[in-house]
S.K.: 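My questions will all concern the structure given below.
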Amino acid sequence: MLLMTRKRTTTKARLRVRTSFDGFRIGEEIEATLDGPVAGWVGIGLMEVIEGGKAEAGPSSVESDVPGDEQE
């Protein structure tokens, strides 16, 4: 019997809180491992990667088209 194991990554990253939740305050910066709930928080936009690690769009990136952020 062959068992497949999933390789775990423990990439550390510096994160900024984008929306206050669960004891975190907007603008707060933390360092955390990008796995489990932290990866989920980044994925749904509660936090953003500002150094290290990788977000879906690449290292330290945020979406360029933010609703309500119209600059003309």
S.K.: Could you tell me which non-hydrogen atom of Thr33 sits nearest to which non-hydrogen atom of Lys12, and how far apart they are?
M.R.: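 Scanning both residues, the minimum pair turns out to be OG1-CE, 3.7 Å.
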S.K.: Closest approach of Arg14 and Glu31, non-hydrogen atoms and distance?
M.R.: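 Of all heavy-atom pairs spanning Arg14 and Glu31, the closest is NH1-N, 3.8 Å.
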S.K.: Using a 4.5 Å cut-off on heavy atoms from C-beta on, say whether the side chain of Ile30 contacts that of Met47.
M.R.: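 They are in contact (side-chain heavy atoms under 4.5 Å apart), so the answer is yes.
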S.K.: Please tell me if the side chains of Leu34 and Val42 come closer than 4.5 Å, counting only heavy atoms from C-beta onward.
M.R.: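 Touching, per the 4.5 Å side-chain cut-off.
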S.K.: State, to 0.1 Å, how close Thr19 and Gly45 come at their nearest heavy-atom pair, and which atoms those are.
M.R.: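 Nearest heavy atoms, Thr19 then Gly45: OG1-O, 4.5 Å.
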S.K.: Rounded to the nearest 0.5 Å, what separates atom CD1 in Ile26 from atom CZ in Phe21?
M.R.: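 Rounded to the nearest 0.5 Å, the CD1-CZ separation comes out at 11.0 Å.
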S.K.: Where do Ala32 and Leu15 come nearest, in terms of heavy atoms and distance?
M.R.: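 What the structure gives for the nearest pair is CB-CD1, 4.0 Å.
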S.K.: Within the structure provided, determine whether Ile50 and Glu29 are in side-chain contact (heavy-atom separation under 4.5 Å).
M.R.: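 A side-chain contact exists here, since the closest heavy-atom pair is under 4.5 Å.
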